[in-house]
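For reference, the structure discussed in these notes is given below.
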Amino acid sequence: MSRTNARKNAFYLIFQKDFVGMEGMDEAKENFYAENSDINDADKKFIDDTVDGTFKNIEKIDSLISGAAKGWSVERMAKVDIAILRLAVYELLFGDAPKKVVINEAVEMAKKYSSDNSPSFINGILGKIVSEIE
């Protein structure tokens with residue numbers, strides 16, 4: 001599986017949290033992997049590490065997102081957008097992919113899964129965060 005597809009799968013699980021809560025995430029992962037039994041161990045490790053790392057660092061990640069999104073709280077953002085942003089910010093902080101790749105893939109996910117305004121919104125927030133953490 002490509003890293004792009006692994007990211008998409010991590011996004012799917014991060015998105016699930018807003019519907020099942022943290023207490024339902026173990027079951028959500030079990031169901032996800034049961035439905036996607038073709039995911040190899042290396043990709044599963046990337047997905048699990050990314051999802052778990054995102055939730056472990058959620059306060060810091062949400063703080064960076066809120067700080068960059070002037071006039072928007074995380075609670076007001078579309079659930080799809082916040083899941084994409086959380087994944088991307090986690091990777092910007094802790095991942096090994098180039099920042100441009102992380103931002104580009106987040107924008108592409110927004111084009112596919114969110115509203116017409118979301119790609120520029122997400123690009124702008126991630127651009128501000130990158131300049132802040134560098």
Side-chain angles (χ1 to χ4, degrees):
M1 167 181 303
S2 70
R3 184 57 59 98
T4 298
N5 284 333
R7 274 189 192 95
K8 181 186 75 163
N9 289 324
F11 153 73
Y12 175 79
L13 287 169
I14 292 167
F15 181 67
Q16 288 295 306
K17 181 217 164 255
D18 284 331
F19 299 98
V20 301
M22 282 307 295
E23 58 280 348
M25 283 307 297
D26 287 339
E27 184 178 348
K29 280 185 183 181
E30 285 177 28
N31 292 337
F32 175 78
Y33 289 124
E35 293 170 7
N36 297 280
S37 59
D38 59 329
I39 296 175
N40 67 41
D41 289 341
D43 290 329
K44 184 177 179 184
K45 180 174 176 11
F46 172 82
I47 293 164
D48 285 341
D49 289 350
T50 301
V51 171
D52 295 343
T54 298
F55 295 139
K56 179 181 170 193
N57 295 284
I58 197 91
E59 289 178 18
K60 179 176 185 171
I61 290 168
D62 283 359
S63 175
L64 285 168
I65 293 169
S66 292
K70 303 285 186 234
W72 284 85
S73 67
V74 170
E75 294 78 24
R76 284 188 57 212
M77 292 179 195
K79 290 185 184 325
V80 171
D81 292 352
I82 194 61
I84 293 169
L85 285 166
R86 284 173 171 161
L87 169 63
V89 173
Y90 172 78
E91 281 206 90
L92 290 171
L93 293 172
F94 304 105
D96 57 3
K99 290 174 177 47
K100 287 183 180 186
V101 170
V102 171
I103 293 171
N104 183 58
E105 291 202 2
V107 169
E108 290 302 315
M109 275 192 262
K111 287 178 184 176
K112 185 172 184 175
Y113 298 111
S114 198
S115 70
D116 290 341
N117 295 329
S118 292
S120 59
F121 177 71
I122 286 172
N123 188 53
I125 290 174
L126 294 176
K128 287 178 187 177
I129 290 172
V130 165
S131 65
E132 188 175 311
I133 62 175
E134 288 187 327

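The first residue in the sequence is number 1, and the count goes up from there.
A donor-acceptor contact shorter than 3.5 Å links the side chain of N40 to the backbone of D43. At least one donor-acceptor pair under 3.5 Å links the side chain of N36 to the backbone N or O of F32. Side-chain atoms of N57 come within 3.5 Å of backbone atoms of G53 as a donor-acceptor pair (strictly under, hydrogens ignored).
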| How far apart are the C-alpha atoms of I47 and Y12, what are their side-chain angles, what is the distance that settles it, and do they pass the side chain to side chain contact (heavy atoms under 4.5 Å, CB included) test? | CA-CA 10 Å; I47 293 164; Y12 175 79; over 6 Å; no
| task | Kindly indicate, with the supporting measurements, whether the criterion side chain to side chain contact (heavy atoms under 4.5 Å, CB included) is fulfilled by K60 and L93. | result | CA-CA 10 Å; K60 179 176 185 171; L93 293 172; 4.2 Å; yes
| message | Assess the residue pair E91 and R7 against the criterion (salt bridge (charged side-chain N to carboxylate O under 4.0 Å, His left out)); give the C-alpha distance rounded to whole Å, side-chain angles, the decisive distance to 0.1 Å, and a yes or no. | response | CA-CA 10 Å; E91 281 206 90; R7 274 189 192 95; 2.5 Å; yes
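One hydrophobic cluster, built from ILVMFWY side chains closer than 4.5 Å, holds both V102 and I133. In the hydrophobic clustering of this structure, F94 groups with F11; members are Ile, Leu, Val, Met, Phe, Trp, Tyr whose side-chain heavy atoms approach within less than 4.5 Å, directly or through other members.
Taking CD1 of I122 as the start and CD1 of I84 as the end, the distance is 4.0 Å to the nearest 0.5 Å. Here OG of S118 is found 10.5 Å from CE of M77. Values are rounded to the nearest 0.5 Å. With rounding to the nearest 0.5 angstrom, the CZ atom of F121 is 10.0 Å from the CG atom of L126. Separating the CD atom in E132 from the CG atom in L92 is a distance of 11.5 Å, to the nearest 0.5 Å.
For P119 against K111, the heavy-atom pair with the smallest separation is CG-CG, 3.5 Å. What you find for K44 and I39 is that their closest heavy atoms are N-CG2, 3.7 Å. Considering all non-hydrogen atoms of both residues, N5 and M1 come closest at CB-CG, 3.5 Å.
At a threshold of 4.5 Å between non-hydrogen side-chain atoms, the residues D48 and Y33 count as touching. Contact check for M109 versus L87: side-chain heavy atoms found under the 4.5 Å cut-off.
Counting non-hydrogen atoms of other residues, nucleotides and ligands closer than 6.0 Å to CD of E134 gives a total above 12. For D41, the CG atom sits in a loose shell: 12 or fewer heavy atoms of surrounding residues, nucleotides or ligands are nearer than 6.0 Å.
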Which side-chain N or O atoms in residues 13-31 pair as donor and acceptor under 3.5 Å with protein atoms at least two apart or in another chain?
from, atom 1, to, atom 2, distance (Å)
K29, NZ, D52, OD1, 2.4
K29, NZ, D52, OD2, 3.3
N31, ND2, E27, O, 3.4

Quiz: residues 62-70 side-chain donor-acceptor pairs under 3.5 angstrom, not counting sequence neighbours:
from, atom 1, to, atom 2, distance (Å)
D62, OD1, R86, NE, 2.9
D62, OD2, R86, NH2, 2.8
S66, OG, D62, O, 3.1
K70, NZ, G67, O, 3.0

